[in-house]
*Asks:* 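Before I ask anything, let me first share the structure, which is written out below as structure tokens.
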Number of protein chains: 2
Amino acid sequence: MNRKYMQKFKDIGLKLTPQRLAILGFLEGNPDHPSAEDIYKAVSVQFPTMSLATVYKTLDALREKGYIIELTIDPAKKRFDPFKKMHHHLICTLCKRVKDIHADFMLDIPEQVRGDFRITGNHIEFYGVCPVCRNGHERRI
Amino acid sequence: MNRKYMQKFKDIGLKLTPQRLAILGFLEGNPDHPSAEDIYKAVSVQFPTMSLATVYKTLDALREKGYIIELTIDPAKKRFDPFKKMHHHLICTLCKRVKDIHADFMLDIPEQVRGDFRITGNHIEFYGVCPVCRNGHERRI
DNA sequence: ATTCCTGCAAACGATTTGCATACTC
DNA sequence: GAGTATGCAAATCGTTTGCAGGAAT
């Protein structure tokens with residue numbers, strides 16, 4: 001497992017530090033689309049000296065290399081998605097939980113609407129209410 | 001024209017002030033999806049004593065009443081859309097210009113993906129490069 | 001040895017809040 | 001007159017930056 005990361009880091013030209021390993025480990029396969037603060041809290045358990053600035057800098061480096069995606073689904077803060085494959089999101093409007101949608105949608109913009117834009121991609125946000133909130137149990141925000 | 005706003009404000013239970021009238025006037029039919037700062041600059045021409053806080057408070061009131069929509073397309077700041085009708089956005093990844101897409105897309109999430117979410121709506125962001133940026137002329141950001 | 005990373009503190013930009021004054025209803 | 005909006009300044013929150021010491025290559 002560590003071996004996998006080490007190779008990955010070498011490949012993308014980043015130095016491998018314990019902090020980065022922890023951040024990457026927390027992100028890997030994480031379906032929660034955590035914020036920088038979320039990540040900071042999680043890795044601080046292992047690394048009490050960890051700085052929030054380091055989290056931001058690492059996330060920025062990873063984003064630059066295309067390893068993670070920065071989401072703009074939350075007006076209040078950035079959230080990060082480790083999934084490299086193109087996908088969409090289903091967002092609970094109450095608790096802000098985000099679920100990945102790995103489905104393909106063929107979308108064509110009518111020519112006269114598209115105008116002279118060159119379309120390079122799309123991202124769909126589905127809105128809804130998750131099972132937990134519907135039952136009125138928990139509420140994360 | 002003022003009459004129209006006055007009625008609208010009465011309807012939604014907000015007091016009509018010159019500042020709010022100016023903000024609403026600037027927003028009405030505006031296709032640029034301005035930020036609070038943009039709005040502030042624009043209305044400051046008429047109202048030099050206008051405060052940015054007032055802009056924010058007004059926008060918040062309008063959003064609460066469902067009169068405008070807050071967009072999360074820009075990680076750096078909120079942008080506002082006066083369009084009440086459901087629509088999508090075509091975003092230039094270089095200059096961040098946003099164009100409205102008034103087209104309907106029939107999107108169905110596969111049952112096993114949707115799970116127990118109750119879907120209430122969706123919003124599609126198309127990404128691309130606008131004609132201006134493609135020609136390398138202007139760049140807004 | 002060189003280059004890059006960490007972590008602290010300070011800086012920053014967007015947004016929010018408290019409050020006294022002024023306005024709309 | 002009651003209730004709300006304005007506008008200022010200060011506070012807050014997420015994020016970024018500068019920099020000195022430390023670690024990875």
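Each chain gets a letter, A, B and so on, in the order its sequence line appears, and its residues count up from 1.
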*Asks:* Is the backbone N or O of Lys77(A) less than 3.5 Å from a side-chain atom of Ser35(A), with the two atoms forming a donor-acceptor pair by type?
*Replies:* no
*Asks:* At under 4.0 Å between heavy atoms, what does Ala76(A) touch on the DNA or RNA strands: base, sugar-phosphate, or nothing?
*Replies:* sugar-phosphate
*Asks:* Any idea which heavy atoms bring Thr72(B) and Pro75(A) closest together, and the distance?
*Replies:* CG2-CG, 3.6 Å
*Asks:* Phe105(A): what forms a ring pair (Phe, Tyr, Trp, His ring centres under 6.0 Å) with it, not counting sequence neighbours?
*Replies:* His88(A), Phe126(A)
*Asks:* Sugar-phosphate atoms are those with a prime plus P, OP1 and OP2; base atoms are the rest. Using that split, label each nucleotide of nucleotides 16-23 of chain D B, S or - for protein heavy atoms under 4.0 Å, 5' to 3'.
*Replies:* BBBB----
*Asks:* Tell me if a side-chain donor or acceptor on Asp74(A) pairs with a main-chain N or O of Ala76(A) at a distance below 3.5 Å.
*Replies:* yes
*Asks:* Report yes or no: does Asp32(A) contribute a side-chain atom to a donor-acceptor pair with the main-chain N or O of Pro34(A) at less than 3.5 Å?
*Replies:* no
*Asks:* Taking heavy atoms of chain A and a 4.0 Å limit, find me the 5'-most and 3'-most nucleotide of DNA chain C within that range.
*Replies:* dT3(C) to dC8(C)
*Asks:* Tell me the interatomic distance from Lys65(B), atom NZ, to dT4(D), atom P, rounded to whole angstroms.
*Replies:* 10 Å
*Asks:* Hey, what bend do you get for the helix from dA1(C)-dT25(D) to dC25(C)-dG1(D) if you fit axes on five pairs at each end, rounded to 10°?
*Replies:* 40°
*Asks:* Can you tell me how far P of dT15(D) sits from CZ of Phe80(A), to the nearest Å?
*Replies:* 7 Å
*Asks:* Take atom CG of Asp74(B) and atom C1' of dG14(D), then tell me their distance rounded to the nearest Å.
*Replies:* 14 Å
*Asks:* Per the salt bridge (charged side-chain N to carboxylate O under 4.0 Å, His left out) rule, what does the pair list look like for residues 36-45 of chain B, sequence neighbours excluded?
*Replies:* none
*Asks:* Once rounded to the nearest 0.5 Å, what's the spacing between atom OH of Tyr127(B) and atom CD1 of Ile91(B)?
*Replies:* 5.0 Å
*Asks:* Tell me, with the steps shown, if Leu107(A) and Ile124(B) meet side-chain contact (heavy atoms from CB on, under 4.5 Å).
*Replies:* CA-CA 10 Å; Leu107(A) 299 181; Ile124(B) 308 172; 3.8 Å; yes
*Asks:* Using residues 15-27 of chain B as the side-chain source, report each donor-acceptor pair under 3.5 Å to any protein atom, sequence neighbours left out, with the distance given to one decimal.
*Replies:*
unit_1, atom_1, unit_2, atom_2, d
Thr17(B), OG1, Arg20(B), N, 3.2
Arg20(B), NH1, Lys15(B), O, 3.0

*Asks:* When rounded to the nearest 0.5 angstrom, what is the spacing between CD1 in Ile101(B) and CZ in Phe117(A)?
*Replies:* 8.0 Å
*Asks:* What pairs with His89(B) under ring pair (Phe, Tyr, Trp, His ring centres under 6.0 Å), at least two apart in sequence or on another chain?
*Replies:* His33(B), His87(B), His123(B)
*Asks:* For Leu14(B) and for Met50(A), find the nucleotide of DNA chain C with the closest heavy atom, then tell me which residue's nucleotide is more 5'.
*Replies:* Met50(A)
*Asks:* Residues of residues 34-45 of chain B with any non-hydrogen atom less than 4.0 angstrom from an atom of DNA chain D: list those, numerically ordered, please.
*Replies:* none
*Asks:* Using salt bridge (charged side-chain N to carboxylate O under 4.0 Å, His left out) as the criterion, list what pairs up with Lys78(B), not counting sequence neighbours.
*Replies:* Glu70(B)
*Asks:* Just grab all the side chain to side chain donor-acceptor pair (under 3.5 Å) pairs involving residues 52-62 of chain A, residues at least two apart or on different chains.
*Replies:* Asp60(A)-Arg63(A)
